Amino acid sequence: MRKKTGIQEEPTTKPLEYFEERRDDIVRDIREMVEIESPSDSKQAVGRLGKYLAGKFSRLGGQVQFHKAVEVGDHLQVNFGGKNDRKPVLLLGHMDTVYPVGRLWGPGTLDMKSGIGLILHSIAALQARNGELPRPVHVLLVSDEEVGSDSSRHITEALARKSAAVLVLEPSYGLHGAVKTARKGVGEYLLTVTGVAAHSGLDFEKGQSAILELARQIEKIAEFTDMKRGLTLNFGLVKGGTRVNVVPAEATATIDVRIARLKDAASIDRKLHALKPFNRKCELEITGGMNRPPMERTAGVAMLYQAAAAIAKRFGWKLSEAAVGGGSDGNFTAGLGIPTLDGLGGVGEGAHATHESILIAELPRRAALLAALIATV
Ligand SMILES: [Zn+2]
């Protein structure tokens, strides 16, 4: 017992060997999940994976429940009781992937079907070892993480509020498998410029170019980027104009905003809404906002990381931590002040890319780490 941090030593022997022996079973489960393709935009396809997983989790004795969703697949929640009435720990992840149906290789292996495999096997191991789980565990696998989590966010937040800690099974960082203790917040804005169309030869002076105005605004907005603060703005899509010989009446730009600190959300929003046209005859409209708050490395996050690093050390490896630019549903739970540790999933490379893959040899110790964390945090 280490009373100071509230972390308890896990009373087990040889958990790593247990998972080494079951490595092929973990790989088999992940392979089955990868073969049940589940792009965010196919409710039916994600639903198939949900059904498959509901069967797996109920065979482990979990209480399965689907949260109905309208446009995306139903979100899957599984509750496990435990030895005592400690607050549950929430194991959080998603079933959807960014890949359309009909691709081979390993789409979703890393992000994050291997993470789901680790959840299944760590629960099974804790049950096998102790007869029952050492504490209540809630599993939530949502269906829309890759498209912003609009449908599932309220479920994630409600479950997190009831939890002692949230363990997020998103991919780890880098080939050394670092966990993620800070993630940037993400926002998306659309800037629309309206000008006045005119023939570029006959009436050039009557036209007010929306593209020219947008170009000036882009220069101005680019200055809001502050690398030292971890604040970046990216123009990912720019559109405008109708024909080569027409002064363009409309132009738009999408702006991807990343923030490392929560307080930058309001100030960047204010700056974007305060933009004034350089050409008074053009109009600006800005829509959108922040989607996920940043996951900051709070004391609760740091405590979870230290617990995880101590467990890894007992298993003979050094678990490092990383701050990353991408957001996940862990941003929501950390934003509520619930201790959250992200990146506990598979180790590999190429998330969202054609070479997406995981390192099979890493699976046993990741499963052992997760099982120990469930028992002790
Ligand atoms: Zn993911």
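First listed ligand is number 1; within each ligand, the first listed atom is number 1. All figures in this text were calculated on a predicted structure; none of them were measured in a lab.
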Using a 6.0 Å distance limit plus a 45 degree cone around the ring axis, check whether Arg22 lies over the aromatic ring of Tyr18. yes
One should read off an interatomic distance between Leu214 CG and Glu219 CD, to the nearest 0.5 angstrom, of 11.0 Å
Looking at Glu170, the N/O/S atom that lies nearest to the Zn ion (ligand 1) is called OE1
Vertex the Zn ion (ligand 1): angle to OD1 of Asp111 and NE2 of His94, to 10°? 100°
Looking at Phe224, I'd like to know if the NZ or CZ of Lys271 sits under 6.0 Å from its six-membered ring centre while staying within 45 degrees of the ring's axis. yes
Against Ile338, only a single residue in Thr298, Val166, Val301 fulfils side-chain contact (heavy atoms from CB on, under 4.5 Å); can you say which? Val166
Would you say Glu146 has an N, O or S atom lying under 2.8 Å from the Zn ion (ligand 1)? no
